[in-house]
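Everything numeric in this text was worked out from a predicted model, so none of it was measured.
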Amino acid sequence: MSEKKTPTLQYRFDGPEDAPVLILGPSLGTTWHMFDRQVPELVKQWRVLRFDLPGHGGAPAHPAGSVAELATRLLATLDGLGVQRFGYAGCALGGAVGIELALRHPERLASLALVAASPRFGTPDEFRQRGVIVRTNGLDPIARSAPDRWFTGGFAAAQPAITEWAVQMVRTTDPGCYIAACEALAAFDVRPELGRIGVPTLVLVGSEDQVTGPAEARTLVAGIHDARLAVVPAASHLVPVEQPAAVTDLLVRHFSTAWQQPFDTGQTALPAAAPVPAPAAPAPVVMPTPAPVPAPAAPPRTAPVAEIAAAAEPPQPVTPPDRYETGLKIRREVLGDAHVEGVLARADEFSGDFEELVTRYAWGEVWDRPGLDRRSRSCVTLTALVAGGHLEDLAVHTRAALRNGLTPQEIKEVLLQAAVYCGVPAANSAFRVAQQVIREETTPAE
């Protein structure tokens with residue numbers, strides 16, 4: 001039998017080898033170069049490790065479907081380097097990784113900074129819709145709209161080289177890894193758990209951030225016991241790029257004063273293995289444009305840990321899953337929050353029992369069976385709806401098929417197959433419905 005090895009992350013070290021380690025985690029669609037302008041000051045006190053998300057910056061395209069998986073890969077990378085404790089600063093998705101570390105592996109974390117982060121990033125529908133766009137149109141529409149999401153209008157206009165750098169950075173990301181990261185963000189929601197974070201935390205946000213702005217930052221500060229808020233003026237989502245000096249100053253002050261001592265577990269840890277010499281950086285990947293952040297025209301100023309096994313607990317009785325809750329979760333994931341909320345809101349005393357039956361048995365039983373994946377179930381469902389002439393439900397499940405990973409080309413093939421076995425008139429109506437839905441769902445927003 002072979003043991004599956006956890007993939008590690010592409011990384012680079014900067015700074016003195018004997019200094020404490022500070023890790024910088026990037027946001028979705030960016031590379032470690034988003035922190036280029038913080039590194040020269042940070043390496044005066046810390047050994048800075050930056051990493052790339054899977055499929056970003058030329059990193060191996062091994063998609064990670066959850067924030068927890070990204071955190072596991074980061075820890076596997078650090079274990080291989082002999083890094084036991086560290087400070088961590090992450091932006092957006094990188095910040096979500098930091099929250100995951102603080103919740104699940106607090107013994108590894110000395111101090112935490114969350115930049116443009118949130119305990120929940122928008123709604124699951126928003127990120128799954130982005131995955132539909134990328135599957136159908138590639139990353140170009142997302143790349144072209146990145147400057148509007150990441151920078152203030154004045155900065156984007158004044159710094160065209162940085163704006164173009166941002167576009168190219170997204171454009172050269174692996175689409176499958178980008179979609180997987182969208183799914184990870186869609187499923188990320190730690191609002192009820194924030195009170196368990198015990199590490200000193202800086203929450204840093206741009207005042208003009210329209211993606212994860214001051215409201216989300218205040219939610220983090222309200223939920224985390226030892227958290228402080230810093231709002232950077234005249235900055236949007238990629239605040240380390242837009243206001244590098246202000247962010248650098250805040251990070252230096254935070255990590256200089258809030259570096260928590262190691263936990264006293266009452267246990268004797270095994271000696272750390274000798275650190276494995278780390279390469280200065282992976283071999284550079286040739287990109288269409290230079291990878292580092294272009295300098296602004298006028299710089300703005302404003303050893304692996306020993307696992308300690310818990311005491312054995314008596315076996316607990318197995319509680320069968322609540323099929324209604326399971327079904328509601330799957331129904332939301334497949335059909336979308338907005339659709340399910342609308343259906344449930346329309347349910348009354350007459351139809352409520354039927355909606356509960358559908359949720360519990362169709363979604364909580366059949367859709368949760370392991371024998372078929374969701375793509376296959378969407379193919380079967382579309383065919384059955386064509387055969388039955390259920391055009392309203394066909395529209396709903398065409399959207400669901402896109403969310404489940406079918407491309408418009410694959411949906412077309414399903415309908416062509418249905419035309420042969422269910423009849424041309426039925427397929428004719430189905431094509432009209434599906435064509436309209438696909439246009440609506442795959443046309444990038446202007």
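Residues Arg130 and Glu126 are not paired through a salt bridge, judged by the lack of any N-O separation under 4.0 Å between the basic side chain and the carboxylate. Remark: Arg377 does not engage Asp368 in a salt bridge, criterion side-chain N to carboxylate O under 4.0 Å. By the 4.0 Å N-to-carboxylate-O rule, Arg331 lies close enough to Glu355 to be salt-bridged with it. A salt bridge is defined here as a Lys NZ or Arg NE, NH1 or NH2 lying under 4.0 Å from an Asp or Glu carboxylate O, and Lys329 with Glu325 fails to meet this definition. Between Arg403 and Glu441 there is no salt bridge, since none of the side-chain N atoms of the basic residue sits less than 4.0 Å from a carboxylate O of the acidic one.
Here the shortest heavy-atom pairing between Phe51 and Trp32 reads O-CB, 3.9 Å. Here the closest non-hydrogen pair linking Val97 and Leu70 is CG2-CB, 4.0 Å. The two atoms that bring Gly29 and Thr173 nearest to each other are O-OG1, 4.2 Å, heavy atoms only. Shown here for Leu202 and Leu250, the closest heavy-atom pair between the two residues is CD2-O, 3.9 Å. Taking every heavy atom of both residues into account, Leu229 and Ala217 meet most closely at CD1-CB, 3.7 Å. For the pair Val241 and Phe155, the tightest heavy-atom approach, listed with the atom from each and the gap, is O-CZ, 4.1 Å.
Side-chain contact between Arg374 and Glu333 is present, with at least one heavy-atom pair separated by less than 4.5 Å. Looking at Leu101 and Val199, their side chains never come closer than 4.5 Å, going by heavy atoms from C-beta outward. Side-chain contact check for His105 versus Glu107: some heavy-atom pair is nearer than 4.5 Å. Proximity of Ile197 to His225: side-chain heavy atoms (C-beta onward) are nowhere separated by under 4.5 Å. Using a 4.5 Å heavy-atom threshold, the side chains of Asp36 and Arg50 count as touching. No side-chain heavy atom of Leu24 sits less than 4.5 Å from a side-chain heavy atom of Met34. In this structure, the side chains of Phe35 and Asp14 stay at 4.5 Å or more apart for every pair of heavy atoms. Residues Asp373 and Asn404 fail the side-chain proximity criterion, which asks for heavy atoms closer than 4.5 Å.
Tyr178 meets the ring pair (Phe, Tyr, Trp, His ring centres under 6.0 Å) test with no other residue; sequence neighbours excluded. Judged as a side chain to side chain donor-acceptor pair (under 3.5 Å), and not counting sequence neighbours, His397 has no contacts. Partners of Asp148 under the salt bridge (charged side-chain N to carboxylate O under 4.0 Å, His left out) rule, at least two apart in sequence or in another chain, do not exist in this structure.
At least one donor-acceptor pair under 3.5 Å links the side chain of Thr77 to the backbone N or O of Leu9. In this structure, Arg191 contributes its side chain and Arg120 its backbone to no donor-acceptor pair below 3.5 Å. In this structure a side-chain-to-backbone donor-acceptor pair under 3.5 Å is present from Glu410 to Thr407. Between the side chain of Glu216 and the backbone N or O of Pro214 there is no donor-acceptor pair closer than 3.5 Å. Gln243 contributes a side-chain N or O that, together with a main-chain N or O of Ala234, makes up a donor-acceptor pair within less than 3.5 Å. Remark: the backbone N or O of Ala245 is not paired with any side-chain donor or acceptor of Arg37 at under 3.5 angstrom.
Between the side chains of Thr152 and Glu242, a donor-acceptor pair is found at a separation under 3.5 Å.
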Discussion item. Go through it in stages, so that I can follow the logic: the residues are Ser145 and Arg149, the test is side-chain hydrogen bond (donor to acceptor under 3.5 Å, both in side chains), and I'd like the CA-CA distance, side-chain angles, deciding distance and then a yes or no.
Written reply: CA-CA 7 Å; Ser145 63; Arg149 296 192 306 274; 2.6 Å; yes
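Annotation: Glu440, atom CD; neighbour count of heavy atoms from other residues, nucleotides and ligands within 6.0 Å is above 12.
Relative orientation of the Phe188 and Phe121 rings is tilted, given thresholds of 30° and 60° on the angle between their planes.
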